[in-house]
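Here is the structure we will look at, set down as structure tokens.
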Amino acid sequence: MAWLDEGWIYRAPITIQNHTANNLTGSATPEVIATISPRMGKFWDNVLSTFNDVRITAADGVTLLQFEFSGTPSKANRTATIHIANTDHNVSTLYGSAAANASVTVWIYWGNNTNGLA
């Protein structure tokens with residue numbers, strides 16, 4: 001699988017369950033809210049305090065997805081919730097009639113302190 005860019009040192013998967021019924025906006029394109037666990041030490045130890053080095057990609061590892069942090073993330077308190085817009089990861093849309101418990105993955109990247117991101 002492709003890597004976003006050599007400037008990003010770390011990535012981790014975010015698994016999205018088939019969430020058509022949980023569509024947040026009522027539109028045809030599902031959205032996702034993901035909370036970064038305080039126990040995800042590698043993230044908290046290496047993300048910039050501004051969170052400017054965070055990127056979210058589709059399952060291919062390179063297609064950037066739109067996202068924003070909900071509320072105010074805090075590296076010191078290890079709290080961050082990400083709202084990923086327009087994910088279009090409805091499993092049945094992607095794979096035909098899929099099982100209700102099927103899932104897809106998006107990737108969160110962090111750890112880039114180059115290219116003016118710091």
Side-chain angles (χ1 to χ4, degrees):
M1 170 175 319
W3 195 272
L4 176 61
D5 180 288
E6 65 185 38
W8 272 266
I9 300 168
Y10 306 101
R11 81 173 174 187
I14 298 174
T15 301
I16 301 170
Q17 299 298 324
N18 188 357
H19 61 285
T20 305
N22 296 325
N23 188 337
L24 301 175
T25 64
S27 69
T29 305
E31 298 178 351
V32 173
I33 295 177
T35 300
I36 309 289
S37 171
R39 295 176 291 203
M40 196 170 151
K42 188 178 273 189
F43 177 83
W44 296 110
D45 293 343
N46 297 287
V47 71
L48 295 176
S49 60
T50 61
F51 296 90
N52 288 343
D53 60 332
V54 174
R55 299 292 184 273
I56 307 290
T57 69
D60 65 5
V62 295
T63 302
L64 291 171
L65 299 177
Q66 293 179 343
F67 75 96
E68 63 184 21
F69 286 95
S70 300
T72 304
S74 171
K75 182 174 177 174
N77 295 327
R78 292 185 171 212
T79 57
T81 301
I82 298 174
H83 180 202
I84 307 168
N86 303 320
T87 59
D88 199 19
H89 287 301
N90 176 338
V91 175
S92 61
T93 299
L94 292 172
Y95 303 108
S97 59
N101 63 354
S103 62
V104 293
T105 299
V106 298
W107 294 95
I108 181 169
Y109 286 84
W110 72 95
N112 185 334
N113 58 10
T114 60
N115 303 317
L117 294 174

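On a predicted model such as this, the values are computed, not experimentally measured, just so you know.
In this structure, CZ in Arg55 is found 8.0 Å from CG in Leu4, a value given to the nearest 0.5 Å. In this structure, OG1 in Thr105 is found 9.5 Å from CD1 in Ile14, a value given to the nearest 0.5 Å. With rounding to the nearest 0.5 angstrom, the CD1 atom of Ile56 is 4.0 Å from the CD1 atom of Ile108.
Sorted by first and then second residue, the pairs that involve residues 41-50 and meet salt bridge (Lys or Arg N to Asp or Glu O under 4.0 Å), not counting sequence neighbours, are Asp45-Arg78. Each salt bridge (Lys or Arg N to Asp or Glu O under 4.0 Å) pair with one or both residues in residues 64-77, not counting sequence neighbours, would appear here, but there are none.
Here the closest non-hydrogen pair linking Ile84 and Phe67 is CA-CB, 4.1 Å. Closest approach of Ser70 to His83, counting heavy atoms only: OG-CB, 3.7 Å. Across all non-hydrogen atoms, the minimal contact from Trp110 to Met40 is CH2-CE, 3.6 Å. Across all non-hydrogen atoms, the minimal contact from Ala58 to Trp107 is O-CD1, 3.5 Å. The heavy-atom pair separating Gly111 from Tyr10 by the smallest distance is CA-CD1, 4.0 Å.
In terms of the side chain to side chain contact (heavy atoms under 4.5 Å, CB included) criterion, Ile9 has no residue partners (sequence neighbours excluded). Every side chain to side chain contact (heavy atoms under 4.5 Å, CB included) that Thr35 has, sequence neighbours left out, goes to Thr81. Qualifying ring pair (Phe, Tyr, Trp, His ring centres under 6.0 Å) partners for Trp44, counting only residues two or more places apart in sequence or in other chains: none. When the side-chain hydrogen bond (donor to acceptor under 3.5 Å, both in side chains) test is applied to Thr63, the partners found at least two apart in sequence or on another chain are Asp60.
Shown are Asp53, Val47, Val54; of these, the side chain to side chain contact (heavy atoms under 4.5 Å, CB included) with Asn112 is made only by Asp53.
A distance-only check finds no donor-acceptor pair linking the side chain of Tyr109 to the backbone of Val62 [under 3.5 Å]. At least one donor-acceptor pair under 3.5 Å links the side chain of Trp3 to the backbone N or O of Trp8.
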